[in-house]
Amino acid sequence: MTVRTRFAPSPTGYLHIGGARTALFSWLYARKHGGQFVLRIEDTDLERSSEASVNAILEGMTWLGLDYDEGPFYQTSRFERYAEVIQQLMDSGHAYKCYCSKERLEKLREKQMANREKPRYDGHCSAGVEPPSPDAPFVIRFRNPKEGHVEFDDLVRGRISISNDELDDLIIARSDGSPTYNLTVVVDDSDMRISHVIRGDDHINNTPRQINMIRAMGLQVPVYAHTPMILGEDGKRLSKRHGAVSVIQYREDGYLPEALLNYLVRLGWSHEDQEIFSIDEMIELFDISDVNRAASVFNTEKLLWLNQHYIKATDPKHIARHLSHHLGLRGIDPTSGPDLHAVATVQHERAKTLVEMAEISEFFYRDFDEFDHKSAKKHLKAAAQEPLEKVREALAALEAWEPEPIYAALTAVAEALDLKIGKVAQPLRVAVAGRAASPGIDVTLQLVGKEACLRRIDRALDYIRQRVAQSESA
RNA sequence: GCUCCCUUCGUCUAGCGGUAAGGACACUGGCCUCUCACGCCGGUAACAGGGGUUCGAUCCCCCUAGGGAGCGCCA
């Protein structure tokens with residue numbers, strides 16, 4: 001049997017974290033078994049579906065690298081097929097017309113709730129009834145078996161069993177003739193020869209009735225795997241308000257797709273003590289039956305750690321391209337300063353996201369507006385004046401603007417003044433970078449460039465003199 | 001309310017009848033060091049509770065509690 005999995009989002013919003021993981025699991029399973037992964041857009045809800053959402057989902061999949069072998073298929077283009085199946089079910093007696101009014105159903109539900117019963121359709125029209133009027137509206141219901149129970153072996157949950165008397169006769173066609181979800185999934189999964197249905201566990205309760213329909217149609221029941229949901233940082237369900245951000249938002253926030261994928265695959269799944277997985281390793285090692293049953297909480301801290309790991313591990317040339325983009329977003333022309341590859345090389349161990357990397361690299365490309373307040377307070381004080389003046393002198397005299405001579409010049413100044421190198425380097429760092437943290441002082445100066453360095457040192461000296469003058473007059 | 005599902009450090013997880021309950025993130029002590037990071041060494045921290053079964057339960061069974069999902073002419 002060739003493995004065929006699918007991802008079937010409804011285009012009513014973005015591709016969010018939960019959907020992305022379900023897609024990843026399905027994709028991995030197909031890739032692992034040399035099968036196919038198909039994408040299907042479940043857009044039968046005309047009210048809520050939008051093309052913008054379809055595009056957002058496709059964009060998210062592309063960014064993550066979850067390529068599909070077939071599709072995207074749109075359910076809206078398959079209405080004829082659904083109508084055909086519904087007719088077959090009618091012909092074989094597995095479905096019937098129901099003329100019950102919404103009012104009647106509403107009352108029924110209230111009564112059942114009051115009686116502490118599970119609300120369900122009572123089969124009023126099951127035996128066949130006369131239409132209240134010749135042109136009375138009706139829905140079509142699936143005739144669920146009354147006896148026995150449905151069992152299936154879920155690849156992550158194990159055996160799940162539910163009694164048929166818990167199930168009622170669900171609507172498969174609305175009064176306007178359009179098919180409902182439970183019918184369309186079943187028909188599509190069958191037509192698309194899906195062998196393994198991997199989806200969120202919010203579908204567990206639908207599965208038994210879907211199995212009953214599949215059997216009524218005389219079709220093959222696929223293997224199911226219901227993956228647990230992902231909770232927000234607060235342990236509550238993900239919502240628009242916290243965490244359920246679109247996958248694309250992570251790209252904007254400076255995450256690498258490899259990091260997000262790695263994070264997602266470890267949510268509910270593990271392989272020994274391994275934390276880092278390349279795509280190839282995931283494909284080789286992942287197995288849907290090793291997935292946990294319990295929901296898991298999304299933890300940005302760990303994602304950040306992984307992201308930093310991938311930033312460190314990725315070729316700086318590649319990082320440079322991303323950095324260019326994020327610098328651009330900050331209004332910086334990346335060609336106006338040092339080579340991006342060099343900057344990425346010295347910064348890639350210092351940033352958890354590409355956005356952060358752009359932020360801490362800004363000073364390479366333009367003079368900062370003002371010194372970081374705390375850093376200036378600590379380092380740009382009277383005691384730093386002489387060292388900075390001497391450093392300026394030494395640097396101005398340098399012929400070769402390279403890390404080694406620069407560092408030699410600094411140590412010479414420090415020695416001459418009988419200071420530790422830090423007493424010289426820190427004020428200089430604040431002068432040139434605007435803050436007390438930066439890559440090594442030598443490469444920092446080199447990349448900023450001689451002219452800019454001298455200019456900024458002068459500015460820092462002005463700042464110190466002004467500060468000294470103020471404290472004297474006070 | 002009813003049905004189904006879930007429950008190991010704060011978080012992600014390992015465990016599959018006998019372990020000092022392992023790893024990772026975070027937190028934290030130290031080393032390295034021109035800063036920040038990186039890296040390295042160390043630490044704190046968990047089997048929801050109660051009954052069984054068993055020589056022995058994190059692991060098997062039952063109950064309780066807590067959490068989640070479903071119960072639509074949404075998907």
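In what follows, chains are A, B, ... by sequence order, proteins preceding strands, each numbered from 1. Because the structure is predicted, anything quoted here is derived from the model rather than measured.
- Checked against a 6.0 Å centroid threshold, the rings of A:F371 and A:Y463 count as neighbours.
- Spacing of P atoms, B:G39 relative to B:G22, comes out at 23 Å, to the nearest Å.
- Across B:C73, B:C25, B:A75, the shortest atom-to-atom separation from the side chain of A:E301 is found for B:C25.
- Taking atom C1' on both B:A37 and B:U33, the two are 11 Å apart, rounded to the nearest angstrom.
- Each of A:P9 and A:S296 lies near RNA chain B, and the nucleotide nearest A:S296 is the one positioned closer to the 5' end.
- Between A:Y263 and A:W305, the ring centre distance reaches or exceeds 6.0 Å.
- Atom CG of A:L267 and atom C1' of B:A24 are 13 Å apart (whole Å).
- In this structure, A:H326 has its ring center at least 6.0 angstrom away from the ring center of A:H322.
- Side-chain proximity of A:K102 to the nucleotides B:A75, B:U35, B:C73 is greatest for B:C73.
- For A:H203, counting side-chain heavy atoms from C-beta on, the closest listed nucleotide (B:A75, B:C4, B:C6) is B:A75.
- Between B:G10 and B:A69, the two C1' atoms lie 25 Å apart (nearest whole Å).
- Cation-pi geometry between A:R459 and A:F368 is satisfied (NZ or CZ under 6.0 Å from the ring centre, within 45° of the ring normal).
- Positionally, the nearest nucleotide of RNA chain B for A:Q308 lies more toward the 5' end than for the other of A:R109 and A:Q308.
- Across B:C34, B:C73, B:G39, the shortest atom-to-atom separation from the side chain of A:K312 is found for B:G39.
- Ion pair A:R81/A:E84 flagged as a salt bridge, since at least one NZ, NE, NH1 or NH2 atom sits closer than 4.0 Å to an Asp/Glu carboxylate oxygen.
- Here the nucleotide nearest the side chain of A:V297, chosen from B:A75, B:C73, B:C12, is B:C12.
- Of the candidates B:U35, B:G23, B:G72, the closest approach to any side-chain atom of A:I171 belongs to B:G72.
- In the set B:U13, B:A69, B:U7, B:U13 carries the atom at the smallest distance from any side-chain atom of A:N292.
- Between A:Y99 and A:F138, a ring centre-to-centre spacing shorter than 6.0 Å is recorded.
- A distance of about 15 Å separates the P atoms of B:C6 and B:A48, rounded to the whole Å.
- Listed nucleotides: B:G1, B:G23, B:C34. Nearest to the side chain of A:A425: B:C34.
- The separation of B:U53 from B:G70, taken at their P atoms, amounts to 40 Å, rounded to a whole angstrom.
- Residue A:S270 places its side chain closer to B:A14 than to any other of B:C34, B:A75, B:A14.
- Counting only heavy atoms from C-beta on, A:S438 has its side chain closest to B:U35 among B:G23, B:C2, B:U35.
- Rounding to whole angstrom units, CD1 of residue A:I204 and C1' of B:G67 are separated by 15 Å.
- A:Q112 has no side-chain polar atom (N or O) that falls below the 4.0 Å cut-off from OP1 or OP2 of B:G1.
- Only the C1' atoms considered, B:C9 is 12 Å distant from B:C25, to the nearest whole Å.
- For A:R293 and B:C6, the shortest distance from a side-chain N or O to OP1 or OP2 is below 4.0 Å.
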